[in-house]
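In what follows, a single structure is set out as C-alpha cells and then discussed.
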Protein chains: 2
Amino acid sequence: MSTIDYDNYARIMKAIAHPTRLKILNLMRKECPCVKKMESVAEASQPNISQHLSLLRNLGIVEAEREGNLHCYQIKDQNVKIILDTLFE
Amino acid sequence: MSTIDYDNYARIMKAIAHPTRLKILNLMRKECPCVKKMESVAEASQPNISQHLSLLRNLGIVEAEREGNLHCYQIKDQNVKIILDTLFE
DNA sequence: AAGGTATATTCAATAGTTCGCATATGTGCA
DNA sequence: TGCACATATGCGAACTATTGAATATACCTT
C-alpha cells in the first residue's frame with residue numbers, strides 16, 4: 001500500500017545505532033533515568049551523554065520530564081520501543 | 001544474565017541504517033534478488049549497490065548464491081531478519 | 001579465444017559523526 | 001543575591017561513511 005519512507009526509517013535506525021545511545025535507550029526501557037544515572041551506567045562524560053540525548057530529542061525519539069532539578073528521560077517513539085524490545089528481549 | 005554486546009549491536013544497526021541498504025534488505029525479505037534487480041528497485045548505480053552489498057556481506061548480514069551468471073542475495077543474519085520484519089511488517 | 005553480461009574493487013573527493021574541552025543555562029536553597 | 005548542582009551548548013579536531021568514476025574480475029556463449 002503506502003510507499004515506505006526509507007529515508008525516515010534510516011534516520012531513526014541511525015540514531016539508535018551507537019553503543020552509548022543503545023545503552024541509555026536500553027536503560028530507559030526499564031526506568032526513567034536522569035542524566036547522572038546515564039553517565040554512570042554508560043560510562044561516558046556528562047557533555048557526551050547530553051549530546052547523545054540532544055540528538056535523540058531532536059528526532060522525537062525520547063523526551064525529558066523535569067523532576068525538581070533532574071531531567072528524567074523516557075522513550076517517546078513507540079516504534080523505537082518495539083525495535084529495542086526486539087533487540088534486547 | 002549475559003552482558004549485552006552493545007558495540008556489536010551498534011555495528012549491525014548501523015549497517016542497516018541507510019536508505020539504500022534498507023531498500024535492498026526489504027527486497028531480500030520477499031525474494032532472492034540479483035544485483036541488477038536491486039539496482040532498478042533502489043534506483044542506484046551498479047557500483048553503489050555492490051559497495052553496499054560488500055559492507056553487508058562483510059558483517060555476515062547477507063550472503064550471495066550463484067545462479068549461473070547471477071548473484072542472488074539473501075539475508076543470512078536471523079536477528080536482522082527479525083528487526084526488518086518488525087520495521088516493515 | 002573473444003565478446004558480452006554481471007558483479008566487484010579501488011581511489012579520491014566530499015560530507016557527516018563523534019568526542020573532548022570550555023562554557024553556558026537553569027533551578028533550588030542558604 | 002550567590003553558590004552549588006544538574007544539564008545543555010558551541011567549537012574544533014580526528015575519524016568514518018558515502019559516492020562517482022574508472023577499472024578489474026568472473027562466468028557464459030559462440
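In what follows, chains carry the letters A, B, and so on, assigned in the order in which the sequence lines appear, proteins first and then strands, with residues in each chain numbered from 1. Fair warning: this is a prediction, and the values are worked out from it, not measured in the lab.
As rounded to whole Å, 14 Å separates atom C1' of D:dA17 from atom CG of B:N58. If you take CG of B:L53 and C1' of D:dT18, they are 15 Å apart, rounded to a whole angstrom. Atom CD1 of B:I49 and atom C1' of C:dA8 are 13 Å apart (whole Å).
Annotation: side chain to side chain donor-acceptor pair (under 3.5 Å) contacts involving residues 28-38 of chain A, sequence neighbours excluded, comprise A:N26-A:R29, A:R29-A:D85, A:E31-A:K37.
For the pair B:L55 and A:L70, both in contact range of DNA chain D, the more 5′-proximal nearest nucleotide belongs to A:L70.
The CZ atom of A:F88 sits 11.5 Å away from the CD1 atom of A:I83 when rounded to the nearest 0.5 Å. In this structure, CG on A:D77 lies 9.0 Å from CD1 on A:I82, to the nearest 0.5 angstrom. Atom CD1 in A:I16 sits 4.5 Å away from atom CE in B:M13 (nearest 0.5 Å). Distance check, rounded to the nearest 0.5 Å: NE2 of A:H52 to CG of A:L22 gives 10.5 Å.
Dashed line: the shortest gap from a side-chain N or O of A:H71 to OP1 or OP2 of C:dT27 is not under 4.0 Å. Between D:dA8 and A:Y73, a contact under 4.0 Å exists linking OP1 or OP2 to a side-chain N or O.
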Exercise. What's the verdict on side chain to side chain contact (heavy atoms under 4.5 Å, CB included) for B:V35 and B:Y73, showing C-alpha distance, side-chain angles and the deciding distance?
Worked result: CA-CA 8 Å; B:V35 179; B:Y73 276 85; 4.0 Å; yes
Problem set entry | From CA spacing to verdict: side chain to side chain contact (heavy atoms under 4.5 Å, CB included), A:R57, A:K76 | CA-CA 9 Å; A:R57 250 188 291 113; A:K76 185 181 172 188; over 6 Å; no
Exercise. Where along nucleotides 20-26 of chain D does protein come under 4.0 Å, by heavy atom, of base (B) or sugar-phosphate alone (S), with - for untouched nucleotides?
Worked result: BBB----
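Under a cut-off of 6.0 angstrom, the local environment of CD in A:Q74 is crowded, with over 12 non-hydrogen atoms contributed by other residues, nucleotides or ligands.
For the contact set between residues 6-42 of chain A and DNA chain D, defined by any heavy atom under 4.0 Å, the members are A:C34, A:V35, A:K36.
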